Engineer: 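Sending over a structure as structure tokens; questions will come in a sec.
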Amino acid sequence: MRNYIIGLSILLLALSGIITFKALDIPVRNTHYQDNPKGLKSKDLPPEPEEITGQLAKEQAANRVLVEELQATISRLEDKLSNKTEESQTNVETEESKKT
């Protein structure tokens with residue numbers, strides 16, 4: 001009886017290992033492409049470094065233009081604020097001079 005239990009447990013352990021291995025669905029490696037690089041499709045190849053640097057240069061130029069526009073807007077708003085501050089100070093001074 002003891003041998004049956006041991007044999008059955010080994011059989012179930014092997015069966016659970018096989019089921020687990022099949023459930024992992026490990027892809028089969030195809031070494032055909034390693035020997036024949038011409039067989040690779042263009043979508044499988046990484047992008048060329050020149051393409052990447054070109055894209056980065058375009059993004060950097062666009063960002064530079066955006067930064068310049070934002071800086072111009074900030075300086076214009078600061079000028080408006082300083083003008084309004086000066087106007088309010090002159091208004092306060094004239095009101096104080098009227099009171100005295």
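Note that this is a predicted model, so its numbers are computed, not measured. In what follows, every heavy atom counts, from backbone to side chain, and hydrogens, waters and symmetry copies are set aside.
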Engineer: Any idea which heavy atoms bring Ala72 and Ser75 closest together, and the distance?
Structural biologist: O-OG, 2.8 Å
Engineer: Could you state the interatomic distance from CD1 (Ile74) to CD (Glu78), rounded to the nearest 0.5 Å?
Structural biologist: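 Spacing of CD1 (Ile74) from CD (Glu78) equals 7.0 Å.
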Engineer: Report the distance from atom CD1 of Ile5 to atom CZ of Arg2, rounding to the nearest 0.5 Å.
Structural biologist: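 Atom-to-atom, Ile5:CD1 and Arg2:CZ are 9.5 Å apart.
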Engineer: For the OG1 atom of Thr20 and the CG atom of Leu15, what is their distance to the nearest 0.5 Å?
Structural biologist: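 The CG atom of Leu15 is 9.0 Å from OG1 of Thr20, to the nearest 0.5 Å.
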Engineer: To the nearest 0.5 Å, how far apart are OG1 in Thr53 and NZ in Lys58?
Structural biologist: 10.5 Å
Engineer: Quick one: pull up CG in Asp79 and NZ in Lys84 and give me the separation to the nearest 0.5 Å.
Structural biologist: 13.0 Å
Engineer: Supply the atom-to-atom distance Leu77 CG to Leu70 CG, rounded to the nearest 0.5 angstrom.
Structural biologist: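 Going from the CG atom of Leu77 to the CG atom of Leu70 covers 10.5 Å.
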Engineer: Please determine which of Leu12, Ile19, Leu13 meets the side-chain contact (heavy atoms from CB on, under 4.5 Å) test together with Ser16.
Structural biologist: Leu13
